[in-house]
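Reading through the structure tokens given below for one structure.
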Amino acid sequence: MTTRRRRVGAAVAAFAAAIAVWLPVTSAQAADGPVLRIHLQDDDLALPLPPSSDPPLINWGVHNDGPGTAEDVTIKADLSEVIDWVTPDASVPADHVYTWSARDVPEGAADGSLIGLNAKPGTPLGTTGTVTLSGTSANGTVVPVTVQVTVGSTELKVNPLPNREGDKPGSTIEAPVTISNTGSLPAEGVQLRMLTTLGLSYENRFSNCVYSTVTSGPRESYAPHQALCTFDTVIEPGKSYRLDRPVGLDVGEDALFEYFGREALPVSGADATPPSGNGSALSLVPAGDAAADATEVGRQEIDVANTADMVAGGDTAEGAPGDMVYVDVSLSNEGPGRVGYINGDFYPSLVLTVPTGAKAVEIPDQCSVWSKEASSGTGEKTPGAPEYICVPRPSEFTVGDIRTYRFGLQVRDSAVTTTGQAQASTPSGSALSFDDRHGNDTAAVTVKVEGGDGAAGPSASASASATPTADGNTPRTQTVSDAGDTGSLASTGGSGVLPVAAATGAGALLLGGALVLFVRHRRA
């Protein structure tokens, strides 16, 4: 067991750390000491038959809500209700209560561990029981939790749907949905959860479905149109069931990059009773054996035949050598499509090429030094760099949306009037594939110098074009000579260039993966 503990130790630490980060502080604190709450990675544990060499885990973490450090905290797992048909991967005393060593847990900190369970050979499928986790503290209170343990599992999956391209705004898509049970136990009922991005809507409203807008999770914030349909149909193991009609999805006039997500959740008891709304009811009908290609989460990407015109906005400032001047550069969407979910690094960004007569000193939020080598922002706000990139957060742009970024520029000594540019592009500097109007991809950013000869300095517009090329349109780095500038990143691969994940757009790059995931609570 020692080897196993080492192998999964990282997972335990990650789970405990996650609790410390996201767990809201509760006000339910004991008057005489700290309150500790046990949290489970999974409160419904399915044990396979035959037993697995990598048994399922009761993975727990404890969080100290305070006040103060909890001393001599001991956590126990009472296995007495399941010990007759369960084999733990740890030595359990005669009273069937496994105890973890005492430790102190500071306020706000999390700690945790795990224990593996396997079903004994010959145990009937469906055998179920409860493991109770509780604890003690020398100066506080530990709130107990329970884990439902069942031999066998219900594994509901949905059919994959091919990605689509070319559907026109105003059309309707038909999406057939099939649910398969690849587990060993039946489901007394099922809830089909469907989510769509904002450019799609459900064609019909069925009486056994509840329609709502949800934004509580990272995926839901981009795909908030939820339909939760409940069926009291028993889903037998090894079998599949299809909806008696396809789900209709209306394509909105502002649809562009969309997707349709599905997952099926087993339910029982009162949860399996369908709601009784208006209209006809969807039903499930037998569709043969469980599909071999079924997946826990289905996501159909739908690229609509539409465009979005991303427009760069420039500015003009005036000052004398040594003055600080400000320019407001912007990125906006003039439609007709809404830019929302984008799977990849092609989300809209704004690249500023600083006029050579000025030095960028104040860098706004969401902007950082642009690196040709990294094809993104470095995450650094180093003054004096020739180019910066602004990656909007959130990354979606509704039609008419505009984001403005104010840069503070210091006019250089002996400078004359010069012009740089703002450019709407991908983080790599390429033209946006969904934008078919490139005449407004760039805008002049000019610094007029008082007292100069008025001659125009080098123009960045000659070094960066919004016209797509085979290599993309990467703005050429301007050469800036200023002994007073330090840390400037030109196109020489200077130090400080970080990977894409370190850039200001890292959160957006995580979007594709985050959107794929549904929170899945399995019930036996």
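All residue numbers in this chain count up from 1 along the given sequence.
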- Item | Modelled atom types, side-chain donor and acceptor of T404 and S330, under 3.5 Å | no
- Message: Check for me whether the distance between the ring centres of F407 and Y326 falls short of 6.0 Å.
- Response: no
- Item | Interatomic spacing from CZ in R193 to CG in L265 - rounded to 0.5 Å | 8.0 Å
- Query: Does E296 pair with R262 as a salt bridge, N-O distance under 4.0 Å?
  - Reply: no
- Query: For A320 and V411, which heavy atoms make the closest approach, and how far apart are they?
  - Reply: O-CB, 3.4 Å
- Can you name the nearest heavy-atom pair linking N440 to D309, along with the distance? ND2-OD2, 3.0 Å
- Task: State whether E450 and K448 are salt-bridged, where the test is any N-O pair (Lys NZ or Arg NE/NH1/NH2 against Asp/Glu carboxylate O) under 4.0 Å.
- Result: no
- Task: Check the pair H225, L198 against side chain to side chain contact (heavy atoms under 4.5 Å, CB included), reporting the backbone distance first and the verdict last.
- Result: CA-CA 7 Å; H225 292 168; L198 290 170; 3.8 Å; yes
- Minimum heavy-atom distance between H63 and G108, given as atom pair plus value: NE2-O, 3.3 Å
- Message: Checking Q423 against T353 for the side chain to side chain contact (heavy atoms under 4.5 Å, CB included) test, could you report, in this order, the C-alpha distance in whole Å, the side-chain angles of both residues, the deciding distance, and whether it holds?
- Response: CA-CA 8 Å; Q423 177 190 3; T353 303; 6.0 Å; no
- Query: Taking C-beta and beyond as the side chain, do E301 and F257 meet within less than 4.5 Å on heavy atoms?
  - Reply: no
- Backbone of V105 reached by a side-chain donor or acceptor of N64 within 3.5 Å: yes
- Query: Looking only at atom types and distance, does a side-chain atom of T295 sit under 3.5 Å from a main-chain N or O of V297, one as donor and one as acceptor?
  - Reply: yes
- Message: Can you tell me how far apart SG (C209) and CG (L192) are? Round to the nearest 0.5 Å.
- Response: 7.5 Å
- Query: Can L256 and V304 be said to form a side chain to side chain contact (heavy atoms under 4.5 Å, CB included), step by step?
  - Reply: CA-CA 5 Å; L256 183 57; V304 179; 5.5 Å; no
- Message: Rounded to the nearest 0.5 Å, what separates atom OG1 in T172 from atom CG in D167?
- Response: 9.5 Å
- Message: Using modelled atom types and a 3.5 Å cut-off, is there a donor and acceptor pairing between side-chain atoms of T426 and backbone atoms of L432?
- Response: no
- Message: Given 3.5 Å as the limit, does a donor-acceptor pair link the side chain of R403 with the main chain of L331, or not?
- Response: no
- Query: Side chains of V391 and I389: does their closest heavy-atom pair fall under 4.5 Å?
  - Reply: yes
- Query: Does the side chain of S201 come within less than 4.5 Å of Y211's, by heavy atoms?
  - Reply: no
- Over all atoms of both residues, closest heavy-atom pair of T197 and R338: CB-NH2, 4.4 Å
- Would you call E380 and S368 a side-chain contact if the rule is heavy atoms closer than 4.5 Å? no
- Task: Give the minimum heavy-atom separation between P169 and A305, together with the two atoms involved.
- Result: CD-O, 3.6 Å
- Query: Is it true that a side-chain atom of N333 and a backbone atom of F397 form a donor plus acceptor pair closer than 3.5 Å?
  - Reply: yes
- R437/D435 ion pair, N-O < 4.0 Å: no
- If we only count heavy atoms from C-beta on, is the D111 to R103 side-chain gap below 4.5 Å? yes
- Given side chains that start at C-beta, do those of E71 and V73 come closer than 4.5 Å, heavy atoms only? no
- Message: With a 3.5 Å distance limit and no angle check, can you tell me whether D315 reaches the backbone of V327 through a side-chain donor-acceptor pair?
- Response: no
- Heavy atoms, side chains only, cut-off 4.5 Å: are P364 and R406 in contact? no
- Note on the structure: Distance col, row W60:CH2 vs I38:CD1, nearest 0.5 angstrom, shows 7.0 Å
- Do Y202 and D250 touch side chain to side chain, with heavy atoms closer than 4.5 Å? no
- Message: Please check: side-chain N/O of W370 versus main-chain N/O of P427, any donor-acceptor pairing under 3.5 Å?
- Response: yes
- Non-hydrogen atoms of R299 and N163 that approach each other most closely: O-OD1, 4.2 Å
- Message: Nearest 0.5 angstrom please: S113 OG to I75 CD1, how far?
- Response: 10.0 Å
- Message: Can you confirm whether more than 12 heavy atoms, excluding those of N278, are under 6.0 Å from its CG atom?
- Response: no
- Query: Checking side chain to side chain contact (heavy atoms under 4.5 Å, CB included) for the pair L200/V251: CA distance, chi angles, key distance, verdict?
  - Reply: CA-CA 5 Å; L200 303 175; V251 181; 4.1 Å; yes
- Query: So, N208 side chain and G277 main chain: donor-acceptor pair closer than 3.5 Å or not?
  - Reply: no
- Atom pair CD1/OG1 of I173 and T196 - distance to nearest 0.5 Å: 10.5 Å
- Query: Does R164 come within less than 4.0 Å of D303, counting only side-chain N to carboxylate O?
  - Reply: no
- Item | Polar side-chain atom of S332 near backbone of I402 as donor-acceptor pair, under 3.5 Å | no
- Backbone N/O of R393 and side chain of Q366: donor-acceptor pair under 3.5 Å: yes
- Using only heavy-atom distances, determine whether the side chains of N59 and D42 contain a donor-acceptor pair under 3.5 Å. no
